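See below for the structure under consideration.
Every number for a ligand or one of its atoms is a count from 1 in the order of the listing. As the structure is a prediction and not an experimental result, all values here were calculated from the model. Just so you know, residue 1 is the first one in the sequence shown, and it goes up from there. What you see below is based on every heavy atom in this structure, not just the backbone, and it leaves out hydrogens, waters and symmetry mates.
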Amino acid sequence: MTGPSPDVLVFDMDGVLVDVSRSYRETIRRTVERFTGRLPSHEQIQELKNRGGMNNDWDLSYVLIRESGATPSYEEVVEEFQRIFWGREGDGLILEERWIPRPGLLERLASRCRLAIFTGRLRQEARHTLRRFAADGWFDPVIAHEDVERTKPAPDGLLKIAQRFPGRAIWYLGDSVDDARAARAASVPFIGIAAPDRGELKRLLAAEGALVVLAGVNELEELLA
Ligand SMILES: [Mg+2]
């Protein structure tokens, strides 16, 4: 049996290609702790993320800090966040990231369609991680924070990719409601990613119009088979 076959697979990075529980997520926690004296739980962060409109972890940290009554400026929060995450030269918590695709997955996918990335990461942070896991050559284009005028849930990054591949079937894989909304706004089919222990997220992604919600990117081949 032949499944549906997109021409271009566009991936969100965080939570899809990269496990960021010990990098971005931990940076949010430590940034919030720095200004409030309290370490927020992973559940608290996920809850806020599920509300949507905050795909940027700077915004998310800022909101958590302000909600707890502390009043640093946005710039101070961003500076502290970057100090923890990026460090001095990419030697911060970014080094705690883990690559999710199993060996061979990208090779096999690339043999059947184009692979691209649309991420809210800064370009430098996207490239750093892709290089580290020797995945830099698989994705073209890589659309990062600086490459779009409006961030997700705006569809700008997907529209840019669609322009590059006119008339081709494009799919977007993401793990947040903002990813799903960006896909819908770009009229691009959306594949949700939600780990089995993220029941609420799975429900949300389905409600936002996901074609299907997978437990992880390594299940993608079964869908295409
Ligand atoms: Mg993500």
Restricting to N, O or S atoms of D14, which is nearest to the Mg ion (ligand 1)?
O
Please name the atom of D12, restricted to N, O or S, that is closest to the Mg ion (ligand 1).
OD2
Check the angle between the aromatic planes of Y74 and W58 and answer parallel, tilted or perpendicular using the 30° and 60° thresholds.
perpendicular
Heavy-atom check, side chain of R121 versus side chain of T129, under 4.5 Å
yes
Give the atom name of whichever N/O/S atom in D175 sits closest to the Mg ion (ligand 1).
OD1
Using a 3.5 Å distance criterion without hydrogens, assess whether the side chain of D178 forms a donor-acceptor pair with backbone atoms of M54.
yes
Verify, without hydrogens or angle tests, whether R184 (side chain) and E208 (backbone) share a donor-acceptor contact under 3.5 angstrom.
yes
